[in-house]
Amino acid sequence: MGKGILYTIHLVVVLVCCILGSCGEMEGTCAKDDGADCGSPPLEVTPIITKLDGVKVGHVQDVILGGKTHQMTTLSMKPQVLEVKHFLTDEECDHVIRLAEQDGMIDSVTNTPTRSTNVKIMDMNQDTVLSLREFILTIENSFDIYLDEEDMLKMYSDLGMDQNGDAEISREELHSQNPKSLVDWLTKYVDKLPHKKSRMSRQAWLYPSKLRDKKFDEIQERVVSLVGLPRILIDKNDEFQVVQYGPRGHYHAHWDSGTWREQVPCCHHVRTGDRCRSCRFMTVLFYLNEVEGGGATAFPIANNETFDEHAFRMSGKINLHRHCEDANLVVPAEKGKAIIWYNHHVDPATGWVGEMDSFTLHGGCGVTSGHKWIANKWILVSDEREKDMDPNFRPNRA
């Protein structure tokens with residue numbers, strides 16, 4: 001047998017024994033003298049996050065989920081919004097609804113309390129006089145209540161605020177008003193007309209790791225396959241939010257995540273109840289039923305060249321009861337469909353989460369007939385990569 005053949009056989013033995021984990025255990029087989037590095041630590045690779053490539057609006061691509069081929073369609077590139085029809089079967093949709101009803105639905109709330117004590121006067125042109133629109137903005141920002149001009153004129157009349165009848169509130173007229181009477185009026189008004197709140201729905205939180213439910217586990221696996229992110233980001237914070245909207249149910253335009261400019265920690269890094277900000281890199285939204293009327297998801301500023309938040313708020317288009325069809329992108333609710341979008345950019349320097357994408361402003365249009373059921377799955381990512389990738393760092397599950 002030639003020398004070259006003997007060397008080849010020896011090299012194969014070296015490689016096989018190292019793969020089997022027996023480096024250096026047998027004399028003359030796999031030692032450092034043979035050129036095998038048996039003692040070097042494994043290479044450390046910094047984890048990164050990536051986005052799916054939507055290519056362009058209207059692009060259709062195949063994705064394999066749970067052994068089945070689905071088509072994913074790009075609805076928008078700014079922000080990138082992708083749609084996968086029939087992501088869930090009818091049976092799975094009905095099953096998720098049943099689980100949520102068994103868990104118990106509660107009223108949805110937002111971070112802004114209705115009975116706020118911190119009122120920010122929105123005198124946008126600083127002329128010391130509040131126009132109807134400026135007072136509407138003041139109430140929106142301070143009380144999370146969305147009134148129209150007819151509501152405001154009724155409030156002026158009931159409280160005797162507009163003393164000279166010019167439909168504007170001067171500094172003197174405002175200061176002569178008892179703040180408690182304004183809060184009491186607003187509280188009673190939205191008790192009678194709850195659709196005046198920014199959000200009107202009921203919700204439940206479901207946790208696959210706690211449910212031990214086969215169908216839910218299969219849905220979770222499909223999400224993992226779809227998003228292509230480090231699995232720990234999905235499994236570590238595995239909750240799904242299930243939401244029911246009744247007649248006139250809605251959620252006005254909002255962002256799912258917060259900006260890094262907020263100097264508070266991410267909510268999934270603190271105990272429940274602590275002051276925090278949402279850090280939701282990605283949203284996966286599932287439609288769980290066919291809605292008789294309304295209930296679309298609207299992205300008011302999708303594909304705009306620029307975004308001026310002040311001008312947008314002044315336009316009143318944040319109110320999706322009145323301005324759903326004015327949105328640049330309106331996605332109808334269809335049972336079993338999933339839509340996904342990224343609430344943040346990826347920082348090219350770090351390969352991790354970057355700043356919030358303002359163009360993800362979105363909301364749920366009013367239900368005009370019947371009910372609407374959805375589920376949200378948020379992929380939570382903070383600006384602290386080590387904590388997110390540490391399976392033992394879970395303060396909000398303590």
For this session: Would you tell me whether Cys279 and Cys266 have their SG atoms within less than 2.5 Å of each other?
Result: yes
Any salt bridge between [X] and [Y], counting N to O under 4.0 Å?
{"X": "Glu221", "Y": "Arg231", "result": "yes"}
{"X": "Arg394", "Y": "Asp238", "result": "no"}
{"X": "Glu150", "Y": "Lys154", "result": "no"}

Strictly distance-based, threshold 3.5 Å: is any side-chain N or O of [X] a donor or acceptor partner for the main-chain N or O of [Y]?
{"X": "Lys78", "Y": "Glu305", "answer": "yes"}
{"X": "His250", "Y": "Arg248", "answer": "yes"}
{"X": "Asn343", "Y": "Thr360", "answer": "no"}
{"X": "Ser369", "Y": "Gly293", "answer": "no"}
{"X": "Arg199", "Y": "Val109", "answer": "yes"}
{"X": "Arg202", "Y": "Met105", "answer": "yes"}
{"X": "Asn141", "Y": "Leu137", "answer": "yes"}
{"X": "Gln220", "Y": "Ser209", "answer": "no"}
{"X": "Lys236", "Y": "Phe393", "answer": "yes"}
{"X": "Glu173", "Y": "Gln163", "answer": "yes"}

[X] versus [Y]: any side-chain heavy-atom pair under 4.5 Å?
{"X": "Glu134", "Y": "Val129", "value": "no"}
{"X": "Gln203", "Y": "Ile106", "value": "yes"}
{"X": "Asp103", "Y": "Trp205", "value": "no"}
{"X": "Lys197", "Y": "Met200", "value": "no"}
{"X": "Tyr287", "Y": "Val331", "value": "yes"}
{"X": "Leu320", "Y": "Tyr146", "value": "no"}
{"X": "Asp148", "Y": "Lys196", "value": "yes"}
{"X": "His362", "Y": "Asp256", "value": "yes"}

Problem set entry | Intermediate values then yes/no, salt bridge (charged side-chain N to carboxylate O under 4.0 Å, His left out), Asp383 and Arg277 | CA-CA 12 Å; Asp383 48 352; Arg277 58 184 163 92; 3.6 Å; yes
Exercise. Would you call the rings of Phe286 and Phe87 parallel, tilted or perpendicular if under 30° counts as parallel and over 60° as perpendicular?
Worked result: tilted
For this session: Look at the aromatic rings of Phe216 and Phe240 and report parallel, tilted or perpendicular, splitting at 30° and 60°.
Result: perpendicular
For the residue pair [X] and [Y], what are the closest heavy atoms and their distance?
{"X": "Asn328", "Y": "Ala302", "result": "ND2-O, 2.8 Å"}
{"X": "Leu186", "Y": "Leu147", "result": "CD2-CD1, 3.9 Å"}
{"X": "Lys335", "Y": "Cys93", "result": "CE-CB, 3.8 Å"}
{"X": "Ala100", "Y": "Leu206", "result": "N-CD1, 4.0 Å"}
{"X": "Pro300", "Y": "Ala253", "result": "CG-CB, 4.2 Å"}
{"X": "Ala298", "Y": "Ala327", "result": "CB-CB, 3.7 Å"}

Exercise. Looking just at side-chain N and O atoms, do His269 and Asp388 make a donor-acceptor pair shorter than 3.5 Å?
Worked result: yes
For this session: Determine whether the side chains of Ser108 and Gln241 contain a donor N or O and an acceptor N or O closer than 3.5 Å.
Result: no
Flag if over 12 foreign heavy atoms under 6.0 Å of [atom1], [X]:
{"X": "Arg385", "atom1": "CZ", "result": "yes"}
{"X": "His323", "atom1": "NE2", "result": "yes"}
{"X": "Gln61", "atom1": "CD", "result": "yes"}

How long is the straight-line distance from [atom2] of [Y] back to [atom1] of [X], given to the nearest 0.5 Å?
{"X": "Gln244", "Y": "His371", "atom1": "CD", "atom2": "NE2", "value": "5.0 Å"}
{"X": "Leu182", "Y": "Phe143", "atom1": "CG", "atom2": "CZ", "value": "5.0 Å"}
{"X": "Glu92", "Y": "Lys215", "atom1": "CD", "atom2": "NZ", "value": "8.0 Å"}
{"X": "Asn304", "Y": "Ser358", "atom1": "CG", "atom2": "OG", "value": "11.5 Å"}
{"X": "Arg222", "Y": "His70", "atom1": "CZ", "atom2": "NE2", "value": "6.0 Å"}
{"X": "Ile318", "Y": "Arg313", "atom1": "CD1", "atom2": "CZ", "value": "4.0 Å"}

In one Ile/Leu/Val/Met/Phe/Trp/Tyr side-chain cluster, 4.5 Å: [X], [Y]:
{"X": "Phe135", "Y": "Tyr189", "result": "yes"}
{"X": "Leu52", "Y": "Trp341", "result": "no"}
{"X": "Met282", "Y": "Leu88", "result": "yes"}
{"X": "Leu132", "Y": "Met161", "result": "yes"}
{"X": "Leu153", "Y": "Leu130", "result": "yes"}

For this session: May I have the step-by-step check of side-chain contact (heavy atoms from CB on, under 4.5 Å) for Gln102 and Leu99, ending in yes or no?
Result: CA-CA 5 Å; Gln102 291 169 7; Leu99 289 174; 4.1 Å; yes
For this session: Give the C-alpha distance, both sets of side-chain angles, the deciding distance and a yes or no for side-chain contact (heavy atoms from CB on, under 4.5 Å) between Val242 and Leu288.
Result: CA-CA 9 Å; Val242 181; Leu288 301 179; 4.1 Å; yes
For this session: For side-chain contact (heavy atoms from CB on, under 4.5 Å), just list the numbers for Met122 and Arg133, CA-CA rounded to whole Å, side-chain angles, deciding distance to a tenth of an Å, and then say yes or no.
Result: CA-CA 9 Å; Met122 304 296 289; Arg133 187 70 208 139; over 6 Å; no
Seminar exercise, completed: Only one of Ile49, Ile48, Val381 passes side-chain contact (heavy atoms from CB on, under 4.5 Å) with Leu229, and that residue is Ile49
Exercise. Considering the options Trp255, Trp352, Phe281, Trp260, which one meets the ring-ring contact (aromatic ring centres under 6.0 Å, His included) requirement together with His344?
Worked result: Trp260
Problem set entry | Chi angles and distances behind the side-chain contact (heavy atoms from CB on, under 4.5 Å) call for Leu329, Phe359 | CA-CA 11 Å; Leu329 174 64; Phe359 289 89; over 6 Å; no
